[in-house]
Amino acid sequence: MNQPSHDAGLFDHCPWLFAGQASEEQRAAQEQRQERLLAGPGEVRLGEGCFVAETAAVHPYVLHLGDRSYIAAHAYVTDAIRTGADCTVNPFTVVRGTVTLGDGVRIGAHSSLLGFNHGSAPDLPVHQQPVTSRGITVGDDVWIGSHVVVVDGVTIGDHCVIGAGAVVTKDLPAWSVAAGNPARRLRDRREPRGAQRRLGPEAAEQRRGLAGPEAIAGERWGLAGSEAVAGERWGLAGSEAVAGERRGLDRPEALAEELQAFAGDARVQVADLLDRSWRPDSGRYADRPGAEPTVRAHCDAVEIADLLLGDVPAHLPAPEHVERLRASQDPATGLVPEFGAPAPLPGPAGVPDGDPAYHVLCVGYALDLLGSSFAHPVHTVRTTTADRLVRQLGALPWTDRAWHAGAWVDSWATAAHWNLRAGGEGAAPGALEALFGWLHTHADPWTGMWGSPTREAGRLQMVNGYYRLTRGSFAQFGLPVPYAERVIDTVLDHARDPRHFAPGRQNACNVLDVIHPLWLCARQSTHRGEEARAWAARQLAAALRRWHPGRGFGFGPTPDGTGPGREPGLQGTEMWLAIIWLLADVLGLADVLGYRPRGIHRPEPAPAGKA
């Protein structure tokens with residue numbers, strides 16, 4: 001839930017929201033806060049896009065903040081502090097003495113970096129002991145969890161992750177994952193998670209003896225607390241993401257090895273994944289244990305089996321899969337209701353809201369993968385005239401619900417495609433031409449998209465709607481999109497919105513709705529290609545770590561708490577497998593996966609002509 005824009009305390013505690021949500025008055029107040037620091041005693045340099053909370057106690061004699069770095073509420077910062085770009089000092093954190101941070105350092109709340117010390121000689125009372133300072137140095141791309149203490153004289157190498165509650169008393173080499181009191185190195189962060197468990201019981205026992213129970217607990221339950229688990233599993237930002245960018249752009253061979261290993265593991269485990277969603281009592285598929293069987297779940301199972309096995313799910317023979325999916329179509333309308341629901345009523349121009357709209361996509365493509373097709377045309381679209389279609393396009397909620405509008409276009413255009421594949425007319429004469437004419441003349445030349453940003457969600461609705469709309473129209477029919485370079489600008493700007501891409505907030509829909517437009521527009525323009533590849537590398541590194549062995553992928557967190565959420569299931573697995581392919585293809589690494597989407601997320605235009 002978004003906080004009121006007048007709540008200044010929100011930004012003090014969540015400064016990552018400031019850039020996207022602050023009012024002009026709040027921006028002016030922040031400028032005054034920074035001007036006071038610059039005018040005060042000491043050497044102060046503040047980069048672009050920095051934020052310093054009003055409630056933070058900031059009294060250094062040297063303060064250098066790199067671009068986009070921030071100091072949050074009630075932090076206590078003194079002495080000589082120098083940071084690179086994209087560093088965060090979170091609420092209630094203490095940074096004192098001589099402390100130097102590289103780029104991309106995240107320091108969790110209530111942590112202390114103490115770059116000074118008191119002597120302890122027995123001949124003087126403690127309060128009279130001399131103060132010494134060897135300083136603390138932290139490298140690039142480091143994640144320090146909540147309630148961590150780092151003592152004077154310590155150097156933390158690049159790419160390290162420090163678990164919540166750790167006390168770091170000795171240097172840590174680059175790529176260390178460390179936890180415990182005192183902190184111990186548990187593994188190399190480049191090492192696949194769980195690799196040690198595959199070494200056998202002796203190695204596991206040795207590991208327990210060396211690392212101690214608190215270290216094992218730190219590794220098992222989240223090296224930087226629950227928010228860190230969410231950040232690694234769902235986040236775009238943070239150390240894992242930066243490392244992903246470097247592996248993808250600077251060390252593509254390492255990322256290629258990870259992709260190959262992931263795809264191999266997924267193929268071995270896909271049978272278990274499908275088994276957990278099969279309901280032998282009803283002979284149907286559910287998204288995940290505890291969920292009701294759905295039409296979409298059956299289609300997701302078909303797509304996943306095709307991707308990873310090149311075959312059909314083993315619970316039914318191929319002809320039975322075909323028969324059940326074809327029988328789900330209502331012959332009068334050509335639409336597909338949910339199991340047990342009445343036949344859907346047509347919408348104003350053929351496609352209604354709800355499940356039947358998506359079933360046009362998922363059932364049609366599942367049948368296509370099975371070498372079949374719908375038993376009947378989608379009559380409600382076949383009879384749509386150009387006039388009716390144009391009126392409906394104008395009536396769609398582009399201003400505040402662009403995703404809904406784009407999804408409607410996707411369903412209508414896909415239904416027209418299936419009608420053409422069946423050998424008939426897609427819609428009434430001139431309707432398809434009217435669709436593309438309307439889309440070309442109504443695309444915003446400044447954003448390349450349809451719809452507008454909203455106060456509550458920024459560009460989310462607009463970008464999500466763009467993916468759905470172009471998937472079913474321009475991409476499916478093999479046509480170039482208008483204003484490709486402006487689309488890339490809009491999408492990359494959206495991908496930096498912390499409301500949707502901060503750790504713990506991402507889901508499959510939001511990532512797919514960024515990577516597909518970037519991938520699609522890259523076929524027309526090289527504009528900002530390096531930035532798109534960097535984003536793809538970060539996302540790919542994070543996505544590969546979301547796989548749950550034998551259970552697949554979870555969809556991810558949703559703002560309203562509805563939907564499949566984090567629990568692994570068929571929908572999340574089908575979507576993330578396609579996302580991983582798109583991300584890898586942007587990086588030129590898709591071939592190592594050994595699979596290529598052929599259904600809803602196929603990269604090529606869908607074949608025309610009779611099925």
Side-chain angles (χ1 to χ4, degrees), residues 3 7-22 30 33-34 37 46-47 49-60 63-78 81-97 99-115 136 138-150 156 160-168 178-179 183 218 222-232 234-242 498-499 501-505:
Q3 299 292 325
D7 182 4
L10 168 68
F11 301 127
D12 270 17
H13 290 83
C14 307
W16 53 87
L17 300 178
F18 182 84
Q21 298 185 23
Q30 177 60 202
R33 167 66 159 146
Q34 295 190 19
L37 287 172
L46 303 177
C50 288
F51 180 93
V52 181
E54 194 68 41
T55 55
V58 182
H59 305 292
L63 175 64
H64 295 176
L65 291 185
D67 294 345
R68 300 173 302 280
S69 295
Y70 62 74
I71 299 174
H74 307 293
Y76 180 26
V77 178
T78 68
I81 313 302
R82 298 173 176 85
T83 84
D86 301 299
C87 291
T88 67
V89 178
N90 273 301
F92 301 97
T93 291
V94 175
V95 184
R96 302 188 64 199
V99 178
T100 302
L101 309 179
D103 294 332
V105 177
R106 296 293 199 262
I107 305 173
H110 298 278
S111 290
S112 296
L113 275 65
L114 305 174
I136 293 171
V138 180
D140 295 339
D141 172 36
V142 173
W143 184 3
I144 298 174
S146 297
H147 295 276
V148 169
V149 175
V150 183
I156 297 175
C160 288
V161 176
I162 314 300
V167 178
V168 185
L223 292 165
S226 58
E227 64 270 59
V229 175
E232 178 173 348
W234 299 112
L236 170 145
S239 55
E240 193 71 58
V242 178
R499 287 173 290 182
F501 293 97
R505 298 193 179 193

Any idea which heavy atoms bring [X] and [Y] closest together, and the distance?
X: Pro91; Y: His13; answer: CG-O, 3.7 Å
X: Ala85; Y: Arg68; answer: CB-NH2, 4.0 Å
X: Ala72; Y: Ala56; answer: O-CB, 3.5 Å
X: Gly84; Y: Ser69; answer: O-OG, 3.1 Å
X: Ile107; Y: Asn90; answer: O-ND2, 2.9 Å
X: Ser111; Y: Ile144; answer: OG-CG2, 4.4 Å

Measure the acute angle between the ring planes of [X] and [Y], then classify it against the limits of 30° and 60° as parallel, tilted or perpendicular.
X: Phe18; Y: Phe51; result: tilted
X: Phe92; Y: His74; result: parallel
X: Tyr70; Y: Trp16; result: tilted

So do the side chains of [X] and [Y] get within less than 4.5 Å of each other, counting heavy atoms only?
X: Arg106; Y: Asp86; value: yes
X: Arg499; Y: Leu17; value: yes
X: Val58; Y: Leu63; value: yes
X: Leu101; Y: Ile136; value: no
X: Leu46; Y: His64; value: no
X: Asp141; Y: Asp103; value: no
X: Val150; Y: Ile156; value: yes
X: Val52; Y: Leu65; value: yes

Discussion item. Is there a side chain to side chain contact (heavy atoms under 4.5 Å, CB included) between Asp12 and Glu54? Walk through the geometry before answering.
Written reply: CA-CA 7 Å; Asp12 270 17; Glu54 194 68 41; 3.9 Å; yes
Practice prompt. Please round to the nearest 0.5 Å and tell me the distance separating atom CG of Asp67 and atom SG of Cys87.
Written response: 10.5 Å
Item to complete: To the nearest 0.5 angstrom, please state how far the CD atom of Gln21 sits from the CZ atom of Phe11.
Response: 5.5 Å
Discussion item. Tell me whether Thr78 contacts the main-chain N or O of His59 through its side chain, where contact means a donor paired with an acceptor under 3.5 Å.
Written reply: no
Worksheet item: Taking the side chain from Gln34 and the backbone from Cys50, do they hold a donor-acceptor pair closer than 3.5 Å?
Response: yes
Worksheet item: Can a donor-acceptor pair be found between the side chains of Arg82 and Thr100 at a distance below 3.5 Å?
Response: no
Discussion item. Could you walk me through whether Val148 and Val168 satisfy the side chain to side chain contact (heavy atoms under 4.5 Å, CB included) test, starting with their C-alpha distance in whole Å, then the side-chain angles of each, then the deciding distance to 0.1 Å, before giving a yes or no?
Written reply: CA-CA 8 Å; Val148 169; Val168 185; 4.3 Å; yes
